[in-house]
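Structure, as structure tokens:
First listed ligand is number 1; within each ligand, the first listed atom is number 1. Bear in mind that the values here come from a model prediction, so they are computed numbers and not experimental data.
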Amino acid sequence: MCPGGFVIPAATAPQQIVTNGMSPANRGTKWSNAGMVVQINPEDIEGNDLLRMMHFQEQLEKDTWQQGNMRQTAPAQRMADFVNKRLSYDLPASSYAPGLISSPLHFWLPDTITTRLQQAFKNFGKQAHGFLTNEAVMIATETRTSSPVRILRDRETFMHVRLQGLFPCGEGAGYAGGIVSAGIDGERCAEMASAYLSSLQQ
Ligand SMILES: Cc1cc2nc3c(=O)[nH]c(=O)nc-3n(C[C@H](O)[C@H](O)[C@H](O)COP(=O)(O)OP(=O)(O)OC[C@H]3O[C@@H](n4cnc5c(N)ncnc54)[C@H](O)[C@@H]3O)c2cc1C
């Protein structure tokens, strides 16, 4: 959740939409936004290609661009409409500067994402009154929460499975997806690296 922040375009190549959220230091704008993260496991994607999660991510970014009229206008849907599988006839104002276009996200996003989000929103709506509301707008898609490819490391030593002295760490190596998890993983890797270096000196 970014209180007082914006949803921003964060694509890194043509023909893709990637969104992200950020707040300026004073968190002073009238907006708030939250990234809703769906965990996707390798077994959710068909095939044996080791890079299939990366291809899935790339395809999702391209599909989102196509659904956004092949510009940076992002496809979006009101939250209750998404849960109830209805097209939104209009959209509320939003902080996303390139603009939004109404789109049936429930229809074209992969099932593995939509069904989990719909179920989660229903549960949140029961626990937190007012959470599940058509005043909230869902903007597709934030796809860069963590690396789709994991660099393998030993469970005990945190060292790369083949390269002695290399400690794959944090988001880029596939062990974190956000500030807190990256911070915790970084701390654990630093402790392991320190123990390894100490053992070399003995
Ligand atoms: C716009 C935006 C908003 C975000 N908002 C949130 C949020 O609200 N909440 C949240 O939890 N997370 C948020 N995130 C995600 C969060 O920033 C990352 O999950 C986190 O920073 C990952 O930490 P990390 O240490 O693994 O990687 P990074 O912070 O990316 O650090 C990697 C470092 O490695 C350096 N590096 C790369 N290649 C080399 C090289 N070859 N040699 C030497 N150095 C190199 C880079 O310069 C960088 O300093 C946001 C990210 C973005 C981009």
Side-chain angles (χ1 to χ4, degrees), residues 1-42 50-51 53-54 56-62 64-65 68 71-76 79 94-100 113 116-117 120-121 124 128 131 136-197:
M1 156 64 77
C2 287
F6 313 97
V7 179
I8 55 166
T12 50
Q15 302 195 357
Q16 55 179 225
I17 286 184
V18 177
T19 63
N20 213 313
M22 56 156 284
S23 352
N26 70 3
R27 292 174 164 70
T29 81
K30 64 177 180 175
W31 310 102
S32 66
N33 64 80
M36 304 307 301
V37 179
V38 179
Q39 180 167 334
I40 300 172
N41 301 309
L50 289 178
L51 298 180
M53 300 290 277
M54 191 181 80
F56 177 81
Q57 182 189 49
E58 285 171 346
Q59 189 61 47
L60 190 54
E61 291 168 359
K62 187 163 187 186
T64 309
W65 174 78
R71 288 195 292 266
Q72 286 302 307
T73 43
M79 190 191 215
S94 121
S95 62
Y96 183 75
L100 304 179
I113 294 176
R116 287 171 199 181
L117 280 178
F121 291 158
F124 292 163
F131 183 94
V137 63
M138 297 179 50
I139 303 175
T141 44
E142 180 172 342
T143 48
R144 308 279 177 91
T145 45
S146 72
S147 169
V149 179
R150 183 170 265 188
I151 302 175
L152 295 182
R153 70 185 184 195
D154 183 87
R155 280 172 184 272
E156 301 290 322
T157 63
F158 282 31
M159 218 180 314
H160 188 275
V161 286
R162 292 216 189 108
L163 294 171
Q164 284 282 310
L166 182 70
F167 293 81
C169 177
E171 189 166 286
Y175 292 94
I179 294 165
V180 174
S181 56
I184 292 171
D185 194 59
E187 201 174 320
R188 291 164 77 200
C189 281
E191 280 165 8
M192 293 296 182
S194 165
Y196 171 70
L197 291 173

query: Quick check: does any side chain N or O of Ser95 sit under 3.5 Å from a backbone N or O of Val7, one acting as donor and the other as acceptor?
result: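 Yes; judged by distance alone, with no hydrogens or angles, the pair exists.
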query: When you look at Arg144 and Glu171, which way does the salt bridge (charged side-chain N to carboxylate O under 4.0 Å, His left out) test go after all the steps?
result: CA-CA 10 Å; Arg144 308 279 177 91; Glu171 189 166 286; over 6 Å; no
field: Sub-4.5 Å side-chain heavy-atom contact between Ile113 and Thr141
entry: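 Side chain of Ile113 against side chain of Thr141, heavy atoms only: no contact under 4.5 Å found.
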field: Side chain to side chain, Thr143 and Pro148, heavy atoms closer than 4.5 Å
entry: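 The answer is no, as the side chains (C-beta and beyond) never meet within the 4.5 Å cut-off.
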field: First-shell residues of ligand 1 [heavy atom, distance under 4.0 Å]
entry: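 Heavy-atom contacts below 4.0 Å: Cys2, Ile8, Asn20, Gly21, Gly170, Glu171, Gly178, Ile179, Ala182.
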task: With Arg188 as the cation and Phe158 as the aromatic partner, state whether NZ or CZ is under 6.0 Å from the six-membered ring centre and within 45° of the axis.
output: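 Judged by the rule, Arg188 and Phe158 form no cation-pi pair.
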- prompt: Within a radius of less than 6.0 Å around CG of Leu50, do more than 12 heavy atoms belonging to other residues, nucleotides or ligands occur?
  reply: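 Counting other residues, nucleotides and ligands, CG of Leu50 stays at 12 neighbours or fewer.
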